[in-house]
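The block underneath contains the structure these notes are about, expressed in structure tokens.
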2 protein chains.
Amino acid sequence: MSSTGPDPEPPEATPAPDDVPRPPDVVRRLALLWNPPQPSGRGRRARLTLDDVVAAGIAIADAEGLDALSMRKVATRLGVGAMSLYTYVPGRTELLDLMIDRAFAELDLPSPDASWRDGLAQHARQHWELFQRHPWVLQTNMWRLPLTPHVLDAQEAGLRTLVDTALPPRQVVEIVGLVDAFVRGLARASVAESAERDASGMANDEYWTSMSSFWADHFDPERYPTMLRIWNAGGFDVESASLDVPLERLLDSVEMAIERAR
Amino acid sequence: MSSTGPDPEPPEATPAPDDVPRPPDVVRRLALLWNPPQPSGRGRRARLTLDDVVAAGIAIADAEGLDALSMRKVATRLGVGAMSLYTYVPGRTELLDLMIDRAFAELDLPSPDASWRDGLAQHARQHWELFQRHPWVLQTNMWRLPLTPHVLDAQEAGLRTLVDTALPPRQVVEIVGLVDAFVRGLARASVAESAERDASGMANDEYWTSMSSFWADHFDPERYPTMLRIWNAGGFDVESASLDVPLERLLDSVEMAIERAR
DNA sequence: AGCTATTCACGTACAGCGTATGATAATCTT
DNA sequence: AAGATTATCATACGCTGTACGTGAATAGCT
């Protein structure tokens, strides 16, 4: 799929450029992301903007999670009929794309002048904080992130932190991917704590009592001796879900890779 | 209001317990996983086993992905009415738990006698292959894996590979978590590739058509110079989604951490 | 053998979802 | 004023998970 070798003309450099069908859905979907429509001036005036719709979607997802995000709910929040949303957005999928793009726009991307280590740490930390603010992004179980402007901005900035090191390009991609996967994984664990607490309505500890009943009823110390050891040694404590320490260690290994490549 | 305690006798429906969003019934859900019901002998004989239901769910998810997995479809495949499934499984959530558990049971866990490096490599590779066989596991957008027997077996075995090194317990947890996140991230990318290579459909080659549309219509070389450089240098090629090379590098960094801890 | 308790099977129904269709209302250009 | 263009939204369809309740099958007990 990906072409090997240098290709000077990227707009024409698409693999199998001409025989790949481009259904109008896809074109329109990307057009919405990259060329947001300007009000045409003619016809009835719109009560909302595209941004209103996206913001309402994010508000709901922030508060109640992705599962609770429905078109009808977004419409209700905006004081509008459900089908009215479809004048702004082709469908739920595209709304999610736009929400992700808007979320990624919040990232404070690393400066090109920073060292690779500061830049990559900034990249990781900014994503970490983004996932704390918008945990629903972690719920979007995509194979890959959508091709939206600000998502690509983030990738561009992340890759740029390493592209001028001695690392070969392929390793740059690998390492940035590793850092991203690492941050996502850790953020998942971190968010899980608070999400589980909220699932039972904040002050209600029924969840934890039933949870601890699991340890009492089903946990078999003979089947899981290592987990028991680590648990007793405090290895599963909450701080392990923090970012800083493991990130520094990860950056150490990147540094090692850079020096080896030199 | 929120004083709905655990009630061992639910035949008398309490007057107004339904307006309070109760947490999922964790106890009963886990009981199904840890104490699979033995045939009670009395009453009408079951046409199916729990395992039949789980296997049918996995077959559908393997073939068509998680989105295509519905209770009605599982029932149809088993030649049974939709509601009959609820004799075997409390609901879709629990069915998914059981499917995950059964998938993880396929793992060939590292032997305790292996070196930490061989063991951890085995841990990673086995998960990698599992995700290739059952990509839908990567689609389960849970915060954490469910607390099922075989999932915990895998965690136990992973942690055991490092627990007798010089690493402090918390770092053992961190590193295994890092390896897991790393494998999942890489498997995601790999599965995306093969899914789009398969002409067998999936809605996933849509990504590639949108990719080509994106390159043709919207890619701005001035906005994304680094991506252009890396693309032209072949840095985005498919091989980067292979496991072996980056895994060895990751294990190198673990080795470094161990030696530093000694 | 008959009774009864227990378990399984599943038709029906309901609330929710995404969204296709088409009628209606508002605002532009001419 | 007329026509073109656009936004709004009620209705409806097919899909989902699953609550409810009825009926069928089978076990042990009398």
Side-chain angles (χ1 to χ4, degrees), chain A residues 24-25 28-29 32 37-53 56-57 60-61 64-99 139-140, chain B residues 10-14 17-19 21-22 24-25 28-29 32 36-53 56-57 60-61 64-99 139-140 203:
Chain A
D25 319 356
R28 205 169 285 240
R29 169 179 175 183
L32 177 64
Q38 60 244 7
S40 67
R42 284 160 33 171
R44 186 173 174 173
R45 285 195 202 114
R47 300 176 51 183
L48 307 170
T49 66
L50 176 57
D51 218 57
D52 290 334
V53 176
I60 291 173
E64 309 176 57
L66 253 200
D67 299 336
L69 183 86
S70 71
M71 300 300 273
R72 286 174 172 87
K73 200 172 272 186
V74 173
T76 301
R77 166 177 273 260
L78 292 168
V80 145
M83 292 313 292
S84 301
L85 297 184
Y86 287 83
T87 52
Y88 302 92
V89 156
R92 200 190 116 108
T93 306
E94 291 79 4
L95 172 58
L96 251 170
D97 285 349
L98 288 161
M99 286 169 56
Q139 271 186 295
T140 64
Chain B
E12 287 285 334
T14 53
D18 291 337
D19 54 353
R22 299 198 318 154
D25 195 342
R28 207 168 284 262
R29 170 178 175 186
L32 176 64
Q38 63 249 6
S40 64
R42 285 159 46 172
R44 186 174 174 174
R45 286 197 201 109
R47 300 174 52 182
L48 307 169
T49 66
L50 176 57
D51 218 56
D52 289 334
V53 177
I60 293 173
E64 309 176 56
L66 253 201
D67 299 338
L69 183 86
S70 72
M71 300 299 273
R72 283 175 174 85
K73 197 171 274 185
V74 174
T76 301
R77 167 177 273 259
L78 292 168
V80 145
M83 292 314 292
S84 301
L85 297 184
Y86 287 84
T87 325
Y88 303 90
V89 157
R92 201 188 115 107
T93 307
E94 291 80 4
L95 173 58
L96 251 170
D97 285 349
L98 288 161
M99 288 168 56
Q139 270 187 295
T140 64

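At a cut-off of 3.5 angstrom, the base of dC8(C) holds at least one donor-acceptor pair with the side chain of R44(B).
Heavy atoms only, all atoms of each residue included: I60(B) and A68(B) are closest at CG2-O, 4.0 Å. Between M99(B) and L69(B) the shortest heavy-atom distance is SD-CD2, 3.9 Å. Scanning all heavy atoms of the two residues, the minimum distance from L32(A) to P37(A) falls at CD1-CD, 4.0 Å. Nearest heavy atom pair, residue Y88(B) against residue R47(B), reads OH-N, 3.5 Å. Scanning both residues, G81(A) and A75(A), for their nearest heavy atoms gives O-CB, 3.6 Å.
Atom pair D67(A):CG and dA15(C):P shows a separation of 21 Å (rounding to whole Å applied). Rounded to a whole Å, the CE atom of M83(B) is 9 Å from the P atom of dT18(D). Remark: C1' of dT16(D) and CG of L69(B) are 12 Å apart, rounded to the nearest angstrom. Rounding to whole angstrom units, CZ of residue R42(A) and C1' of dT29(C) are separated by 7 Å. Between the CZ atom of R47(A) and the P atom of dT6(D) there is a distance of 20 Å, rounded to whole Å. To the nearest angstrom, C1' of dT8(D) lies 15 Å from OH of Y86(A). If you measure from atom CG of L78(B) to atom C1' of dC10(C), you get 14 Å, rounded to the nearest angstrom. Distance K73(B) NZ to dG17(D) P: 10 Å, rounded to the nearest Å.
Nucleic acid contact class of G43(A) (heavy atoms, under 4.0 Å, all strands): base. As judged by a 4.0 angstrom heavy-atom cut-off over every strand, R72(A) is placed among the base-contacting residues. Within 4.0 Å of L85(B), counting heavy atoms only, lies no atom of the nucleic acid at all.
Place G79(B) and A82(A) on DNA chain C by their nearest nucleotides, and G79(B) ends up nearer the 5' end. For M71(A) and S84(B), each mapped to the nucleotide of DNA chain C holding its nearest heavy atom, the one lying further toward the 5' end belongs to S84(B).
Considering only side-chain atoms of A46(B), the nucleotide from dC17(C), dC8(C), dT19(C) that sits closest is dC8(C). In this structure, the nucleotide among dC10(C), dA7(D), dC9(D) sitting nearest to the side chain of T87(A) is dA7(D). In this structure, of dA10(D), dC17(C), dA9(C), it is dC17(C) that holds the atom nearest to the side chain of S70(A). Listed candidates were dT18(D), dT8(D), dT29(C). Nearest to the side chain of R92(B) is dT18(D). Closest to the R45(A) side chain, of the nucleotides dT6(C), dC28(C), dC10(C), is dC28(C).
Between Y88(A) and the phosphate of dT8(D), there is a side-chain N or O to OP1/OP2 separation shorter than 4.0 Å.
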